[in-house]
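This is a predicted model, so every value here is computed, not measured. As a basis for the values below, the full set of heavy atoms in this structure was taken, side chains included, without hydrogen atoms, waters or symmetry mates. Letters go in sequence order (proteins before strands), and every chain restarts at 1.
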Amino acid sequence: MTLIRFDKVNKWFGKLHVLRDIHLQIREGEVVVVIGPSGSGKSTLLRCINRLEAISEGQLTVDGFRLDDPKTNINLLRQEIGMVFQHFNLYPHKTVLENITLAPIKVRKIAKEEAEKTATFFLEKVGIPEKAQAYPSQLSGGQQQRVAIARGLAMKPKIMLFDEPTSALDPEMINEVLDVMKALAKEGMTMVVVTHEMGFAREVADRVIFMDNGMIVEEGTPEHFFTNPREERAKLFLSKILTGGRASKR
Amino acid sequence: MGNWNDVLSYSGKYLSGLGITLEVSLYALLLSLAIGVVIAIFRVTSSKLLNAFGAAYVEFFQNTPLIIQVFFFYYGSPAMGLNISGLACGTLGLAVYTGAYMGEVFRAGIQAVPKGQMEAARSSGMNYLQAMGYVILPQAVKIILPPLTNQMVNMVKNSAILSTIAVTDLMYQTYLISSDTFIVFEVFIFAALLYLTITVPLSTFANLLERRLQRSS
């Protein structure tokens with residue numbers, strides 16, 4: 001079943017044409033990794049899926065909701081989409097537990113005890129149950145990002161969006177976050193991941209999408225993409241990023 | 001020393017004036033906080049119309065003298081067929097004026113909260129007001145507190161203007177005592193000291209609160 005469908009989607013920021021004629025379908029349970037140079041529009045593409053950015057033209061359907069229709073109840077759809085940000089965006093004035101239970105209690109109207117039980121379950125899943133009462137500022141970057149993932153999961157979403165989830169992390173903390181994401185992918189979560197982690201893409205992605213200059217330039221399985229890309233721009237990008245070292249080894 | 005004894009013999013009047021000043025300040029404070037929150041939200045929301053209204057409100061009330069605004073309510077309300085007490089008119093005038101400043105303080109505080117906070121809240125399905133109430137405003141409070149205290153102190157001092165519309169506040173009583181006793185210097189010095197009994201605890205309390213909030217984050 002197709003959960004996300006972009007149909008000839010265009011977006012402009014003022015005069016800047018950031019998404020050009022995007023066609024893309026993502027099925028339930030699929031893990032799609034979006035890569036590309038900075039400024040290629042990959043984050044914008046991701047942010048359109050929960051309408052943090054509105055599209056300018058075309059059709060975008062997510063879980064049966066038409067995002068190009070201003071009458072769509074976006075808050076209803078957003079409950080079904082978890083989002084993880086580059087800079088975590090945890091609520092600094094709330095404890096880890098409160099960060100995770102806030103939306104379930106206030107948006108899903110779940111009883112506090114039940115929400116806390118769910119939160120504890122997901123904190124265990126991301127490996128830091130002992131931090132429930134800590135404040136975000138007392139956690140390392142990797143721990144904060146794992147809390148952010150737990151916060152997204154606690155809403156029991158159908159889709160998880162990841163916007164460069166490891167880009168702001170110290171190198172030694174990247175794996176702890178990627179491991180959580182890999183486990184999630186194996187459980188069948190529908191995931192759209194913008195990342196520079198080629199190792200993750202290779203290992204976990206069902207499909208890799210390469211964007212440049214607002215367009216989807218190439219898409220395919222990781223095997224195809226990493227071993228035999230058709231497009232010159234994809235080859236160039238890979239040669240630059242893979243000779244960088246760390247990504248290719250993983 | 002004789003003058004001071006005369007002044008102190010009027011302490012009952014002083015205290016009743018101080019009571020009125022406190023009462024006016026409290027009501028005007030609550031009202032101006034409410035106005036300030038609404039105006040600030042108008043100014044940061046995405047609606048161009050509300051932006052313009054918020055900006056116009058702030059410009060108008062910040063850039064006209066408080067005394068005119070107070071007169072507007074005091075002399076204007078009977079003309080509009082309303083029967084409101086001088087105290088209420090004065091409180092209203094003080095509140096709409098201070099509300100403009102509160103609005104700017106809140107707006108600056110809200111805008112100082114990183115954008116990602118609103119995005120995180122909204123992307124979890126919260127509507128705009130929920131995101132404001134649960135995520136943005138609690139963080140903005142810490143940023144807002146010091147300038148907010150300044151505005152509160154200013155408001156207490158500005159309330160002295162209400163003496164011009166016969167609100168029997170501290171300033172009004174001070175004028176009366178002065179014309180009763182023909183003593184000026186000591187009478188007004190004593191009034192100033194009484195104003196300090198409101199404003200100094202206010203800023204001290206705010207400083208303590210600020211330090212506690214800083215520690216909790």
Side-chain angles (χ1 to χ4, degrees), chain A residues 43 46-54 65 73-95 98-110 135-138 144-145 147-157 159-163 168, chain B residues 33 36-37 40-41 44-51 105-149 206-217:
Chain A
S43 277
L46 190 80
R47 290 161 59 86
C48 285
I49 295 172
N50 65 355
R51 213 205 261 167
L52 281 185
E53 304 289 353
F65 289 82
N73 184 345
I74 191 66
N75 295 327
L76 221 51
L77 171 62
R78 282 173 176 162
Q79 297 176 26
E80 308 298 333
I81 306 177
M83 182 147 192
V84 176
F85 300 87
Q86 180 177 358
H87 296 288
F88 331 132
N89 298 353
L90 294 180
Y91 312 133
H93 60 301
K94 295 193 175 295
T95 64
E98 290 164 347
N99 262 276
I100 301 174
T101 56
L102 182 64
I105 292 171
K106 301 299 181 187
V107 178
R108 283 238 196 258
K109 313 287 182 200
I110 288 169
Y135 282 90
S137 59
Q138 298 166 315
Q144 288 192 49
Q145 195 60 300
V147 171
I149 294 173
R151 177 173 70 175
L153 292 175
M155 288 292 277
K156 312 259 174 79
I159 303 169
M160 283 291 284
L161 307 178
F162 294 84
D163 190 3
Chain B
L33 286 174
V37 169
I41 288 181
V44 299
T45 187
S46 56
S47 156
K48 291 257 176 353
L49 189 73
L50 293 182
N51 292 164
V105 168
F106 287 143
R107 180 184 61 81
I110 289 168
Q111 287 177 340
V113 176
K115 231 178 96 222
Q117 293 291 310
M118 180 56 104
E119 290 187 346
R122 293 304 306 273
S123 69
S124 71
M126 283 185 227
N127 62 36
Y128 183 78
L129 288 179
Q130 287 175 318
M132 269 290 163
Y134 298 128
V135 176
I136 306 299
L137 291 181
Q139 296 182 58
V141 164
K142 288 176 202 179
I143 306 163
I144 285 169
L145 207 57
L148 190 70
T149 313
N207 282 340
L208 285 175
L209 194 63
E210 193 191 335
R211 235 171 290 158
R212 263 194 56 183
L213 286 174
Q214 299 299 356
R215 228 179 302 141
S216 78
S217 67

Does a side-chain heavy-atom distance below 4.5 Å link [X] with [Y]?
X        : Y        : result
A:Leu46  : A:Met83  : yes
A:Val84  : A:Asp163 : no
A:Phe162 : A:Ile149 : yes

Tell me, for [X] versus chain B, whether the close heavy atoms (under 4.5 Å) come from the side chain, the backbone, both or neither.
X        : answer
A:Arg108 : neither
A:Arg51  : neither
A:Leu76  : neither
A:Phe85  : side chain
A:Ile81  : backbone

- [ ] Mind listing the closest non-hydrogen atom pair of A:Tyr91 and B:Ala121 along with its distance?
- [x] OH-CA, 3.3 Å
Task: Contact listing (chain A partner; residues 108-116 of chain B; heavy atom under 4.5 Å) - done: B:Gly116
TODO: Indicate yes or no: does B:Glu119 engage A:Arg47 in a salt bridge with an N to O separation below 4.0 Å.
DONE: yes
Task: By side chain to side chain donor-acceptor pair (under 3.5 Å) - contacts of B:Gln139 (at least two apart) - done: B:Gln117
Pairs of donor and acceptor atoms involving the side chains of residues 128-137 of chain B, under 3.5 Å and at least two apart or interchain, shall be tabulated with distances.
residue, atom, partner, partner atom, Å
B:Gln130, OE1, B:Asn127, N, 3.0
B:Gln130, NE2, A:Lys106, O, 3.3

TODO: Please name all residues satisfying salt bridge (charged side-chain N to carboxylate O under 4.0 Å, His left out) with B:Arg107, sequence neighbours left out, ordered by chain then number.
DONE: B:Glu104
